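Following: one structure in structure tokens, then a few remarks.
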Amino acid sequence: MEVLYEDNHIVVVNKAPGEIVQGDKTGDEPLADTLRRWLKEKYAKPGNVFVGVVHRLDRPVGGLVVFAKTSKALTRLNDMFRNGQVHKTYWALTRNLPKQPEGELTGYIRTLGGDTNKSVCYSSAREGAKEARLRYRLLGSTDRFHLIEVELLTGRKHQIRVQLSSIGCPIKGDLKYGDKRSNPDGSISLIARHIEFVHPVSKQLISITAPVPDDPLWQAALQTQNI
């Protein structure tokens with residue numbers, strides 16, 4: 001676990017692919033519990049340590065996750081996320097080049113029931129589907145992969161994964177949404193790269209960028225940025 005920012009009210013962690021933010025049926029230790037133990041040891045706290053889960057990242061995705069250390073921060077952050085006051089930017093590697101170097105995607109996403117843990121995206125409104133919007137921009141390309149920056153305008157389950165797939169650009173390693181090969185570690189090549197918001201208590205601007213994975217493909221893509 002890598003802590004990138006901490007104060008009296010919030011903690012921002014750089015989640016590794018494969019970690020879960022909150023407990024699930026696997027029984028694996030969630031990041032929230034790892035952080036709780038870390039805080040307890042760091043400050044030698046004798047009692048329970050408060051860690052509030054504000055938002056989540058899919059298990060195979062890496063990058064920035066914000067946690068609350070106080071109930072006041074949790075309540076305010078929940079409202080901020082719900083009202084679109086937290087700005088999140090993601091980076092993805094895709095095998096296919098988008099037809100346009102930048103644009104805005106609008107679709108309608110519905111989460112399938114049962115054990116599929118999958119979403120579907122429609123081009124027009126459907127019953128049970130919620131509007132999903134994002135902006136994307138091509139940052140650069142290697143000989144095999146393309147680095148795409150995504151800004152979420154809504155927050156739907158698997159939104160980036162399913163919407164990039166809908167334009168023929170599934171994320172590298174994402175078999176669930178159309179890529180042809182998995183990544184060796186089970187991750188997908190998507191990271192929550194940057195987050196920016198006004199601190200829920202101090203009102204200071206918080207702006208944090210996650211490091212690019214120390215992986216040859218990511219590092220090669222990083223060198224191709226044309227911005």
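Keep in mind that this is a model prediction, so the values were computed, not measured.
- Counted within 6.0 Å of CG on Asn83, heavy atoms from surrounding residues, nucleotides or ligands total more than 12; the atom is thus considered enclosed.
- Two different hydrophobic clusters hold Ile206 and Val11 under the rule that ILVMFWY side chains link at heavy-atom gaps under 4.5 Å.
- Between the Gln223 side chain and the Trp218 main chain, no donor and acceptor come within less than 3.5 Å of each other.
- The cluster map of Ile, Leu, Val, Met, Phe, Trp and Tyr, joined by side-chain heavy atoms under 4.5 Å apart, puts Leu31 and Val66 in different clusters.
- Side-chain atoms of Leu153 and Arg135, non-hydrogen and from C-beta on, do get closer than 4.5 Å to each other.
- Asn117 places a side-chain heavy atom less than 4.5 Å from the side chain of Lys157.
- A donor-acceptor pair under 3.5 Å links the side-chain atoms of Tyr177 to the main chain of Ser119, judged by distance alone.
- Within a 6.0 Å radius of NZ in Lys203, other residues, nucleotides and ligands contribute more than 12 heavy atoms.
- Remark: Ile20 CD1 to Asp28 CG distance equals 5.0 Å, nearest 0.5 Å.
- With hydrogens and angles left out, the side-chain atoms of His146 and Thr94 include no donor and acceptor closer than 3.5 Å.
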Under the side chain to side chain donor-acceptor pair (under 3.5 Å) criterion, do Thr154 and Gln159 qualify, and how do the steps go? CA-CA 8 Å; Thr154 57; Gln159 181 178 340; 3.0 Å; yes
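- Using a 4.5 Å cut-off on side-chain heavy atoms (C-beta onward), Phe50 and Lys45 make no contact.
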Given side-chain contact (heavy atoms from CB on, under 4.5 Å), test Arg37 with Met1 step by step and report yes or no. CA-CA 11 Å; Arg37 190 174 65 251; Met1 184 186 70; over 6 Å; no
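- In this structure, Ser165 contributes its side chain and Gly178 its backbone to no donor-acceptor pair below 3.5 Å.
- A distance of 11.0 Å separates OG1 in Thr34 from CG in Leu39, rounded to the nearest 0.5 Å.
- Residues Asn8 and Thr70 fail the side-chain proximity criterion, which asks for heavy atoms closer than 4.5 Å.
- Taking the side chain as every heavy atom from C-beta outward, His55 and Val86 never approach each other to under 4.5 Å.
- By the 4.5 Å heavy-atom criterion applied to side chains, Trp91 and Ile148 are not counted as neighbours.
- Within the 4.5 Å cutoff, the side chain of Val120 has no heavy atoms near those of the Val162 side chain.
- With hydrogens and angles disregarded, no donor-acceptor distance shorter than 3.5 Å links the side chain of Asp179 to the backbone of Pro170.
- Between the side chain of Thr224 and the backbone N or O of Ser141 there is at least one donor-acceptor pair closer than 3.5 Å.
- In this structure a side-chain-to-backbone donor-acceptor pair under 3.5 Å is missing from Lys176 to Lys118.
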Decide side-chain contact (heavy atoms from CB on, under 4.5 Å) for Asn48 and Lys40; before the verdict, give the C-alpha distance in whole Å, the side-chain angles of both, and the deciding distance to 0.1 Å. CA-CA 8 Å; Asn48 294 330; Lys40 187 177 179 68; 5.9 Å; no
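- In terms of hydrophobic clustering, with Ile, Leu, Val, Met, Phe, Trp and Tyr side chains grouped at heavy-atom distances under 4.5 Å, Ile171 and Ile167 are assigned to a common cluster.
- Atom CG of Leu64 sits about 7.5 Å away from atom OG1 of Thr209, to the nearest 0.5 Å.
- Of the listed residues (Ile10, Val12, Val51), just one forms a side chain to side chain contact (heavy atoms under 4.5 Å, CB included) with Phe67, and that residue is Val51.
- Side-chain atoms of His194 and Ser207 form a donor-acceptor pair, as typed in the model, at a separation below 3.5 Å.
- Under a 3.5 Å cut-off, the side chain of Arg59 and the backbone N or O of Glu19 do not form any donor-acceptor pair.
- The line from CG of Leu57 to CD of Gln22 is 12.5 Å long, rounded to the nearest 0.5 Å.
- One side chain, Tyr5 or Asp7, offers a donor N or O that lies under 3.5 Å from an acceptor on the other.
- Between the side chain of Lys130 and the backbone N or O of Ile109 there is no donor-acceptor pair closer than 3.5 Å.
- Judged by distance alone, the side chain of Lys172 and the main-chain N or O of Arg181 form no donor-acceptor pair under 3.5 Å.
- Heavy atoms from other residues, nucleotides or ligands lying under 6.0 Å from CG of Asp214 number 12 at most.
- The line from CZ of Arg156 to CZ of Arg133 is 9.0 Å long, rounded to the nearest 0.5 Å.
- Rounding to the nearest 0.5 angstrom, the gap separating the CD1 atom in Ile195 from the OH atom in Tyr90 is 7.5 Å.
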Step by step, would you call Val54 with Asn78 a side-chain contact (heavy atoms from CB on, under 4.5 Å)? CA-CA 6 Å; Val54 180; Asn78 282 336; 4.1 Å; yes
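- Just one residue in the list Glu104, Glu102, Glu149 forms a salt bridge (charged side-chain N to carboxylate O under 4.0 Å, His left out) with Arg137, and that residue is Glu149.
- Look at Asp79 and Arg76 and you find no salt bridge, because none of the NZ, NE, NH1 or NH2 atoms lies under 4.0 Å from a carboxylate O.
- In this structure, Leu74 is not a member of the same hydrophobic cluster as Leu35, with clusters built from ILVMFWY side-chain heavy atoms closer than 4.5 Å.
- Side-chain contact between Val49 and Tyr43 is absent, with no heavy atoms from C-beta onward closer than 4.5 Å.
- Using a distance-only test at 3.5 Å, with no hydrogens or angles considered, no donor-acceptor pair links the side chain of Asn14 to the main chain of Glu2.
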